[in-house]
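For reference, the structure discussed in these notes is given below.
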Number of protein chains: 2
Amino acid sequence: MHCRSCHDCTARGFAICAALDETELRELAQLSRHVRFESGATVFAQANIATSFFSVHAGTLRLYKLLPDSRRQIVGFALPGDFLGLPGLPHHEFSADAVGRVTLCQFPKESFATFAEKRPQLLRRMVELAGHELARAQEHMVLLGRRSAEEKIASFLIGWRDRLSGIGRGGEILPLPMKRLDIADHLGLTIETVSRTFSKLERDGVIQIFASGVVLLDTPRAEALSAGVS
Amino acid sequence: MHCRSCHDCTARGFAICAALDETELRELAQLSRHVRFESGATVFAQANIATSFFSVHAGTLRLYKLLPDSRRQIVGFALPGDFLGLPGLPHHEFSADAVGRVTLCQFPKESFATFAEKRPQLLRRMVELAGHELARAQEHMVLLGRRSAEEKIASFLIGWRDRLSGIGRGGEILPLPMKRLDIADHLGLTIETVSRTFSKLERDGVIQIFASGVVLLDTPRAEALSAGVS
DNA sequence: TCCGGCGATTGATCTGCATCAACAACATCT
DNA sequence: AGATGTTGTTGATGCAGATCAATCGCCGGA
């Protein structure tokens, strides 16, 4: 399960590495090391000093912020190709832990910064990735602030489907590796409301629920709910 | 009210311009033009093709997304020094309009991209700004998903105070140029709940309400609410 | 001065989702 | 097989905030 070279990396196409040529790729590989985390393990924690950046190689992570009284908001899920860490901010802004087994490329912060400094291509790619991330965050604000439970669930399913197909993981069944509680904390709902809403969507023939995920039976209906045309 | 040179620009210190030397600044000024919008005017609209980037010079803008049925989520307010527009995304992801009178520096997208391409300093600054923006967006997700109305209002006031003082606009009275409806659409509430919550905070001696803004009377209490220690 | 409109406030009522509670479906261990 | 823990589902009830509605203050225009 260890990746011996960047050349045949499955995340190569969508990660920041896409901005690099063969030589640079080898150079960057020198700085990096592969790390693996088992299900539930914490990769880094909010407010800790960030000493590394990461690029997700395989698996899913939940990224979340906690309030002092332990309310939790999952600000996003990270998938292969996603970059974790923000240049210019000394601390981690959120915690990250593994949903199922995860592998990552780890880059020491300073050496990565030095490497990136003189490579406008890479910097542009990073601006671009940050921009996409920001756009997703803003879309999620609409969801959290202005949508009903049913729209939230439908939106989440459609968005998750699109992200997976964007990294070549589309398929008939939509895998949901995270737990109901994770979905609830991502959508600003409780676990009971998530469960009830899944059940309602199944009763209405929009989805079919399996242990490992769901199948979208009535995609147009789900997309309409997701778009907010209820 | 027209800014004749970047040299004495009041937003110079916090805008992307901070990453440039005198020569580059003059060169960038060649590409830019100053534009002004009256209160309520739309600077650009969601889903339109983005032909320009902007840097806010003076005033406040509301940045928002609309659902088809006209529900609105204000994803943020832009202040002097903020950069509007995301390289790598062809369309505007949100609409922006002026809250009160606003002046901006406008940069044609391609010429700005060409200018930035070979200036790693500027690119790094943009990554940094995007990172800060992203961190703010994530903090706002916590607010939208996991906080009570009272915490939302307190959080908003404290956050607004901090942003203003960050650009040298701190003061006894905290100006709120936006309307109650804007605040409601920013915090995922209704106008009535915003009004009631302001009233409650005033009754409790936390704030004092004026036409133009509020004064924080019990800052520690407001900060506690804002932190979620209710 | 009166009128009309806009924004803000306040009150009465309703409702979507949270909360509280029980239970079911499975997996893991002894 | 039985005991125990974990995750998910479903039902009953409560409440924070939405909705509906009235009123107020203020400003600008006739």
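Throughout, protein chains are lettered first and strands after them, A, B, ... in sequence-line order, and every chain is numbered starting at 1.
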task: Test for a donor-acceptor pair under 3.5 Å between the base of C:dT9 and the side chain of B:R203, counting only N and O atoms.
output: no
Legend entry - Quiz item: A:R196 side-chain donor-acceptor pair to D:dG8 base, under 3.5 Å: no
Considering only heavy atoms from C-beta outward, does the side chain of B:V214 approach that of B:L157 to under 4.5 Å? yes
Rounded to whole Å, please give me the gap between [atom1] in [X] and [atom2] in [N].
X      : N      : atom1 : atom2 : value
B:I209 : D:dG25 : CD1   : P     : 15 Å
B:M178 : C:dG7  : CE    : P     : 15 Å
B:L201 : C:dA8  : CG    : P     : 16 Å
B:E151 : D:dG17 : CD    : C1'   : 14 Å
B:F198 : C:dG7  : CZ    : P     : 16 Å
B:K179 : C:dT9  : NZ    : P     : 12 Å
B:K200 : D:dA16 : NZ    : C1'   : 13 Å
A:L176 : D:dT7  : CG    : C1'   : 14 Å

Check the side chains of [Y] and [X] for a donor-acceptor pair under 3.5 angstrom, ignoring hydrogens and angles.
X      : Y     : result
B:R101 : B:S39 : no
A:Q106 : A:S52 : yes
A:Y64  : A:D97 : yes

For A:H186 and A:I74 the tightest heavy-atom approach is ND1-O, 2.7 Å
Tightest non-hydrogen contact, residues B:A78 and B:V56, listed as CB-CG2, 4.1 Å
Under 4.0 Å, heavy atoms only, any strand: does B:S195 hit a base, just the sugar-phosphate, or nothing? base
Only residue of B:F53, B:F112, B:F54 satisfying ring-ring contact (aromatic ring centres under 6.0 Å, His included) with B:F107 is B:F112
Result for side-chain hydrogen bond (donor to acceptor under 3.5 Å, both in side chains) between A:R136 and one of A:E139, A:E133, A:H132 points to A:E133
Pick out the pairs of N or O atoms, protein on one side and nucleotides 14-17 of chain C on the other, that lie under 3.5 Å.
unit_1, atom_1, unit_2, atom_2, d
C:dC17, OP1, A:A149, N, 2.9

Here DNA chain D, pairs taken as Watson-Crick or G-U under 3.5 Å and shown with ( ), [ ] when crossing and | when to another strand, reads ||||||||||||||||||||||||||||||
query: Checking A:T197 side chain against A:T193 main chain: does a donor-acceptor pair fall under 3.5 Å?
result: yes
Charged N-O contact under 4.0 Å between A:D185 and B:R146: yes
>> Regarding B:R196 and B:E150, does a basic nitrogen lie under 4.0 Å from an acidic carboxylate oxygen?
In response: no
Do any N or O atoms of the protein come closer than 3.5 Å to N or O atoms of nucleotides 21-24 of chain D, and which pairs are they?
none

